[in-house]
Visitor: 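One structure coming up, written as structure tokens, with questions to follow.
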Amino acid sequence: MGSLFSLTLIILSWASLLSMKAEAEGIRSARLLDLLIRDYTVKSFDRHLRTGTVQTVHLPANFSGIKVDTARFRCGSLHRYGAQVKEFHLGSGVTVQPCAERVMVVRQNLGYKWSSIYYANYDLSGYQLVSPVLGLLAYNAGSDVSFGSPFQLGILAREKPIKIDFSNITKASNMTGIRPLCASFEGDGKVTLKNQVSPNVCFATRHGHFGLVIESPPSMPVRKKISRWKVAVGSAIGAALGAFLLGLLLVAMFVKVKKKAKMEELERRAYEEEALQVSMVGHIRAPTASVTRTTPTIEHEYRPYPS
């Protein structure tokens, strides 16, 4: 009986792991990722922690690379004193809408792996991320928060903007002569780009997701790698074709020279036959001179004798 119970637990554990893995692999939406992080944050939240204490949220292994921290605040205290949650510095005067009794502020660091989701959900053509995407979200955190799905609240900073410090997480610190831009990923799918207020520091006036981007370098044409056997076959075919063409050229030159020599021989023979006629003597061709009769002349003057 005990072995059957253990086997059942193992099967359920494996099924749970496979379900979480399939869930993570199927995430293509930034909004869906926010909801999953929210659910895991609520489940692991320690309600006995003091207000304002930052708590690290441990996500399942299939969400490796994502770092989440959360803290609970009273709405009025957050407005009067502000707060700091990791890279986010909320100044005094920040407001939460609607103002719930308690507010759960969630900070996300999606890492470079999960930040790639934003390339598919937003138009970043011509730019590339040089920092992980950081998220700042807020949910209601009443006494019964663990028993229901909390709804999202809005964070607005009209008096003092929210400062976001990317200094410890960006790759831009090692790039000389490059000044990244602050990217704000809006909920409607738009991206807003602004200049930094200081190196690796950005300002925001509300909650959302943020990152540093630079212009993408011009893409170089990729040369396709050709396998060795294709090179060998191509070289062999090229060599055979070259030899064939060279052979045709030599044959053509030989025929031309032969033809020229034959023409010269015919011209020579025609010239000789014109000067010296040829006639057949039996079955033999023999040159014969043209017949020319000599005019008779009197060698001695003839004088008849007188009778």
Side-chain angles (χ1 to χ4, degrees), residues 9 11-75 78 83 85-88 90 96-122 132-155 162 164 169 184-189 204 206-211:
L9 287 179
I11 293 174
L12 290 176
S13 299
W14 274 102
S16 177
L17 289 173
L18 290 174
S19 176
M20 287 190 301
K21 184 177 181 181
E23 181 183 52
E25 290 178 350
I27 296 175
R28 296 293 183 271
S29 167
R31 175 59 179 165
L32 177 58
L33 183 60
D34 286 342
L35 294 176
L36 291 173
I37 292 175
R38 179 202 66 182
D39 292 343
Y40 285 117
T41 301
V42 171
K43 289 178 182 178
S44 63
F45 187 76
D46 186 359
R47 290 180 295 169
H48 301 290
L49 287 176
R50 293 181 57 185
T51 301
T53 303
V54 178
Q55 173 189 348
T56 300
V57 178
H58 300 285
L59 299 176
N62 51 319
F63 288 95
S64 62
I66 300 179
K67 298 178 181 179
V68 177
D69 296 275
T70 184
R72 188 170 57 173
F73 301 94
R74 291 183 180 274
C75 183
L78 187 61
V85 183
K86 294 294 182 175
E87 297 86 2
F88 293 94
L90 288 75
V96 179
Q97 295 180 349
C99 185
E101 180 186 357
R102 284 182 172 82
V103 179
M104 178 190 295
V105 177
V106 179
R107 166 263 187 188
Q108 305 171 353
N109 180 343
L110 300 184
Y112 288 100
K113 173 186 174 183
W114 289 92
S115 296
S116 61
I117 292 179
Y118 282 76
Y119 285 104
N121 288 260
Y122 294 86
V133 172
L134 298 180
L136 178 67
L137 301 174
Y139 303 95
N140 65 308
S143 57
D144 58 345
V145 66
S146 300
F147 301 98
S149 297
F151 54 88
Q152 185 172 337
L153 306 175
I155 300 177
I162 302 169
I164 312 166
I169 60 172
S184 175
F185 301 95
E186 309 294 340
D188 55 0
R206 54 172 309 184
H207 63 280
H209 294 84
F210 312 92

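One-based numbering along the sequence shown.
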Visitor: Nearest 0.5 Å, what's the CZ-CD1 distance between Arg206 and Ile155?
Guide: 10.0 Å
Visitor: Which one of Asn109, Thr56, Val57 satisfies the side chain to side chain contact (heavy atoms under 4.5 Å, CB included) criterion with Lys67?
Guide: Asn109
Visitor: Assess the residue pair Tyr119 and Ile117 against the criterion (side chain to side chain contact (heavy atoms under 4.5 Å, CB included)); give the C-alpha distance rounded to whole Å, side-chain angles, the decisive distance to 0.1 Å, and a yes or no.
Guide: CA-CA 5 Å; Tyr119 285 104; Ile117 292 179; over 6 Å; no
Visitor: I need the Leu134 CG to Lys86 NZ distance, nearest 0.5 Å.
Guide: 11.5 Å
Visitor: Has Asn121 got a side-chain atom pairing as donor or acceptor with Arg28's backbone, closer than 3.5 angstrom?
Guide: yes
Visitor: What closest approach, in Å, do Phe88 and Ile162 show between heavy atoms, and which atom pair accounts for it?
Guide: CD2-CG2, 4.2 Å
Visitor: Evaluate the criterion side chain to side chain contact (heavy atoms under 4.5 Å, CB included) for residue pair Val105 and Thr70; output intermediate values, then yes/no.
Guide: CA-CA 6 Å; Val105 177; Thr70 184; 5.8 Å; no
Visitor: So, does Arg102 use its side chain to make a donor-acceptor pair with the main chain of Cys75 at under 3.5 Å?
Guide: no
Visitor: Closest heavy-atom contact between Phe45 and Gln55?
Guide: CD1-OE1, 3.6 Å
Visitor: Okay, side chain of Asn140, backbone of Phe151: is any donor-acceptor separation there less than 3.5 Å?
Guide: yes
Visitor: Determine the minimum heavy-atom distance between Gly52 and Phe73, stating which atoms define it.
Guide: CA-CE2, 3.6 Å
Visitor: Does Ser44 use its side chain to pair, donor to acceptor, with the backbone of Tyr40 at less than 3.5 Å?
Guide: yes
Visitor: Tell me the salt bridge (charged side-chain N to carboxylate O under 4.0 Å, His left out) pairs involving residues 107-116, sequence neighbours left out?
Guide: Asp69-Arg107, Glu87-Arg107
Visitor: Taking Trp114 for its side chain and Leu33 for its backbone only, find out whether a donor-acceptor pair lies under 3.5 Å.
Guide: no
Visitor: Would you say Gln152 and Asp34 are linked by a side-chain donor-acceptor pair, where the criterion is simply a distance under 3.5 Å?
Guide: no
Visitor: Using the rule side chain to side chain contact (heavy atoms under 4.5 Å, CB included), only one of His209, Arg38, Met104 pairs with Leu137; which is it?
Guide: His209
Visitor: Measure across Tyr112 and Ile169 and return the closest heavy-atom pair with its distance rounded to 0.1 Å.
Guide: OH-O, 3.3 Å
Visitor: Determine, step by step, whether Val106 and Tyr139 satisfy the side chain to side chain contact (heavy atoms under 4.5 Å, CB included) criterion, reporting the C-alpha distance in whole Å, the side-chain angles of both residues, the deciding distance to 0.1 Å, and the verdict.
Guide: CA-CA 8 Å; Val106 179; Tyr139 303 95; 3.9 Å; yes
Visitor: By ring-ring contact (aromatic ring centres under 6.0 Å, His included), which residues pair with Phe185, not counting sequence neighbours?
Guide: Tyr118, Tyr122
Visitor: Which distance, rounded to the nearest 0.5 Å, do you find between the SG of Cys99 and the CZ of Arg74?
Guide: 11.0 Å
Visitor: Partners of Ser184 by side-chain hydrogen bond (donor to acceptor under 3.5 Å, both in side chains), sequence neighbours excluded?
Guide: Glu186
